[in-house]
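Taking it in order: structure first as structure tokens, then the write-up.
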Amino acid sequence: MLLVKYILVIAHIATAAAWFGLALRLAGQARSVMAVSGEARSALAKDVGKSISQVGLFILLTFIFGTANIIIAEMWPGTAINYNIAKWPYHTSVTLLLVALGAHYAITRPAWKKVSVGDASAAKRVAMGVGIG
């Protein structure tokens, strides 16, 4: 069971790293979409739209792997080192992941849809949603 926990921890860290790495450039890319026009805007918007979708997927996977770690630690107390001491950080991180997931789907994605059709004011909301995440 310890092997499963380590695999879940590695998957959790890898998906969080992918999420952070993709999200770093989203605000700049939203501004770049507004700086170009025509076919270039369409192509860039399509590419950034894929990144937006991937960020949402990686936030969700980070949440799933983190929750799976909590479940394993609850079911097999010996798999967590000092689990009683580390209990609150687990639950805090899951709560923050839910906030990030909510910010992504309530702020970033709707703002991105407006940016992709040419609303320049929505680029700031993309940056805000990514910042909250």
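The first residue of the sequence shown is numbered 1, and numbering continues consecutively from there. Note that the coordinates shown come from a computational prediction; the quantities given were computed from them, not determined experimentally.
The same ILVMFWY cluster, assembled from side-chain heavy atoms under 4.5 Å apart, contains both Tyr105 and Leu57. Note on Ile59: it clusters hydrophobically with Leu98, by side-chain heavy-atom contacts below 4.5 Å among ILVMFWY residues. Linking ILVMFWY side-chain heavy atoms closer than 4.5 Å, directly or via other members, places Ile64 and Val4 in a single hydrophobic cluster.
Contact between Phe63 and Leu97 at its shortest, heavy atoms only, is CA-CD1, 3.7 Å. Of all heavy-atom pairs spanning Leu8 and Ala68, the tightest one is CD1-CB, 3.7 Å.
Other residues, nucleotides and ligands contribute only 12 or fewer heavy atoms inside 6.0 Å of the CZ atom of Arg31.
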### Query
Do His104 and Ile52 pass the side chain to side chain contact (heavy atoms under 4.5 Å, CB included) test, and can you show the C-alpha distance, the side-chain angles, and the key distance before you say yes or no?
CA-CA 9 Å; His104 182 75; Ile52 295 274; 3.9 Å; yes
Show which side-chain atoms of residues 125-133 pair as donor or acceptor with protein atoms under 3.5 Å away, not counting sequence neighbours.
none

Could you go through residues 9-28 and list every donor-acceptor pair under 3.5 Å that involves a side-chain atom there, pairing it with any protein atom two or more places apart or in another chain?
unit_1	atom_1	unit_2	atom_2	d
His12	ND1	Thr62	O	2.9
His12	ND1	Gly66	N	3.4
Thr15	OG1	Ala11	O	3.0
Thr15	OG1	His12	O	3.1
Thr15	OG1	Thr62	OG1	2.9

Let me check something: any side-chain donor-acceptor pairs from residues 38-46 under 3.5 Å, sequence neighbours excluded? List them with distances.
unit_1	atom_1	unit_2	atom_2	d
Arg41	NE	Val33	O	3.2
Arg41	NE	Val36	O	3.2
Arg41	NH2	Met34	O	3.3
Arg41	NH2	Val36	O	3.2

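From Ser51, atom OG reaches atom CH2 of Trp112 across 9.0 Å, with rounding to the nearest 0.5 Å.
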